Amino acid sequence: MLKNDGIISPEELSPVVPPADRLARGPVAIIECLQDIPCDPCVSACPVKAIKMKEGITDRPLLEFDTCTGCGLCIPKCPGLAIFVVNMKHTPGMATVSMSYEQLPVPEKGQEVTALDRSGKDVGKVKVVRVVNPPGYDHTAVITIEVPADQVNNIRAIRV
Amino acid sequence: MSRNTEVFVIGGGPAGLSAAHVAAKLGAKTLLVDDSARVGGQLIKQTHRFFGSSNRDAGIRGVTIAEKLQQDIEEVSDRLTVLENTAAVGFYHNKEAGILSQKAYERVTYQAAIVCTGATENSLAFDNNDLPGIYGAGGVQTLMNVHGIRPGQKILMVGSGNIGLIVSYQLIQAGVEVVGVVEGMPTIGGYLVHASKIRRLGVPIYTSHTILKALGSDGVTGAMLSRVDEKFQPVPNTELEIKCDCICLAVGLTPLIDLFQQAQCRMVHVGELGGLVPLHDSAMRTTNPDIFVAGDASGIEEATTAILAGRIAGARAYETIHGKSPQAEAIVAEAREELRTLRSGSTGERIRWGRERVLKEVGEC
Ligand SMILES: Cc1cc2nc3c(=O)[nH]c(=O)nc-3n(C[C@H](O)[C@H](O)[C@H](O)COP(=O)(O)OP(=O)(O)OC[C@H]3O[C@@H](n4cnc5c(N)ncnc54)[C@H](O)[C@@H]3O)c2cc1C
Ligand code: SF4
Ligand code: SF4
């Protein structure tokens, strides 16, 4: 359970995972921020206003799956590093996961890195397919990795 | 030597910098002293992106917020004097205080003082807790993020509040292995996004556990943990030995309040706010009418709320000297509204409760 060990269980995760038909249509965000905390940079980061909060800043974010374009602009703005963008339409059998990365060295495109699950367990090697790290992101790089499609909701970190 | 000022601000963290900025901007001659080498308070050690409201700096790093506040005060440098490496050491009667720098002891005559001294770290009792290699989280942060020194190679964190979780993350970024986070409660104390962030980098979080003793003779070589029951009593035969060369304690903060006691402000103990705090009204005025408070010294909270409370204190301190001002009133109204939204919701519950208790004591609620 998330509140006991920091690991989001599949049941806890399910409300924030987009439905299968939306996933099939291409990139979309998964916002793994499940607690009401006084935080809201994700809301203003989204250019198409897909992230809402019920009443205000102290609520958890709610994503309108159909509005989200999967652009990934919200990823580096989240201080909780809780936003991921998944793309199930990558290549047959393979998907991508994009995430924030704030360690050194920053991997390069094409590099092989170790994929980790939510508990930090090594789940195999994956390839970095994109690195976005402009000055505006202030040292929070957004890394996209290519993963087997069935691992898309399991892999949540990398070790370089 | 002696100095004369209208508003005297003690402590240059987010609360003190904001208070001094507002007071000087409204037109008061202001003096700010801070006992560290550089103003910014806790913010200069915070390399992570802040939580909070995006119209008050959330999503940007603590160090960057400190830089912004420093720019703000430069804008009013004609009316604001800042003395670093200078500690306020005591209040006298007749609106006088003493300040001590490396060069001299001086007296300050003021009309209103705003005390923003922040907080001190709590310690924890366990066997061998005086071994070299046992640090407070603030000390670890100062070593690592201000001086660029790693405190050790393998570190055990005690406390899963936001500070324990965030400092663990910063340690990983600095290349230190965090061998675990120990938490006496059955659930994680800090924000769960911070917990997940270190968990997925492989850091185990031991909830319902405590540290029984530190191992080693000349320095830390490990720690003995044990499971605890609902009454926080160690459960026999659940001991667990962990190897590490450093133990970091992140077990809470207590408001730094000696100056208030010395100025004979009435104090009140509010557990939700971290212990004894000076009684104050919604203008942040203590029971000593010339002395205001803001930030963690008035109750442990956050940088955003420290900034807002500092703005209120700065505006009200200005008004006690120069009389009512619509500009000051506007600053206070805006800050109050922002504080209200930040403290709403379930995570703000404890703080709200604590704040209401203080206001009730002064008959405002
Ligand atoms: C690890 C960590 C992570 C945090 N993360 C966040 C976050 O994400 N978001 C957030 O909003 N908040 C966060 N905070 C909290 C935030 O940093 C504090 O709440 C805030 O700094 C309090 O501001 P302050 O001005 O009251 O005190 P401080 O920042 O502590 O400043 C007090 C200043 O007063 C000086 N001082 C003390 N006594 C004297 C004296 N006698 N004479 C002269 N000077 C004196 C001190 O040297 C210090 O510079 C975090 C804190 C920590 C430790
Ligand atoms: S991925 Fe883009 S469209 Fe989707 S929520 Fe984030 S910022 Fe908005
Ligand atoms: S910015 Fe991140 S941590 Fe903050 S509310 Fe949004 S998703 Fe949650």
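Quick note: numbers below take in every heavy atom, side chains included, and nothing from hydrogens, waters or symmetry partners. Here is the naming used below: chain letters follow the sequence lines, and residue numbers restart at 1 for every chain. Bear in mind that the values here come from a model prediction, so they are computed numbers and not experimental data.
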Would you find more than 12 non-hydrogen atoms of other residues, nucleotides or ligands less than 6.0 Å from [X] atom [atom1]?
{"X": "B:Lys243", "atom1": "NZ", "answer": "no"}
{"X": "B:Arg336", "atom1": "CZ", "answer": "yes"}
{"X": "B:Gln153", "atom1": "CD", "answer": "no"}
{"X": "A:Arg130", "atom1": "CZ", "answer": "no"}

[X] side chain near [Y] side chain, heavy-atom distance below 4.5 Å:
{"X": "A:Met1", "Y": "B:Thr187", "result": "no"}
{"X": "A:Pro38", "Y": "B:Tyr191", "result": "yes"}
{"X": "B:Leu201", "Y": "A:Gln103", "result": "yes"}

Handout entry: Side chain / backbone / both / neither for B:Ser160 at chain A, heavy atoms under 4.5 Å
Key = neither
Handout entry: Engaged part of B:Phe50 at the chain A interface, taking heavy atoms whose separation is under 4.5 Å
Key =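 For B:Phe50, the backbone is the part near chain A, not the side chain.
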Exercise for the section: With rounding to the nearest 0.5 Å, note down the distance linking CG in A:Asp5 to CD1 in B:Ile188. Expected result: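 Reported value, rounded in 0.5 Å steps: 6.5 Å.
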Exercise for the section: With rounding to the nearest 0.5 Å, note down the distance linking CG in A:Leu2 to CZ in B:Arg199. Expected result: 12.0 Å
Exercise for the section: Would you mind telling me which of A:Ile7, A:Asp59, A:Leu116, A:Leu81 has the largest number of heavy-atom pairs within less than 4.5 Å of chain B? Expected result: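 The residue among A:Ile7, A:Asp59, A:Leu116, A:Leu81 with the greatest pair count is A:Leu81.
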Practice task
Find the one option among A:Cys39, A:Cys33, A:Pro76, A:Cys42 whose heavy-atom pairs under 4.5 Å with chain B are most numerous.
Solution key: A:Cys39
Sub-3.5 Å donor-acceptor pair from the side chain of [X] to the main-chain atoms of [Y], do we have one?
{"X": "A:Lys3", "Y": "B:Pro186", "result": "no"}
{"X": "B:Ser196", "Y": "A:Gly6", "result": "yes"}
{"X": "B:Arg200", "Y": "A:Ser119", "result": "no"}

Practice task
Under the salt bridge (charged side-chain N to carboxylate O under 4.0 Å, His left out) rule, what do A:Glu102 and B:Arg61 come out as? Steps first, then yes or no, please.
Solution key: CA-CA 12 Å; A:Glu102 296 188 323; B:Arg61 300 183 196 284; 3.5 Å; yes
Which bit of [X] is near chain B, if near means a heavy-atom gap under 4.5 Å: side chain, backbone, both or neither?
{"X": "A:Glu32", "answer": "backbone"}
{"X": "A:Asp138", "answer": "both"}
{"X": "A:Thr140", "answer": "both"}

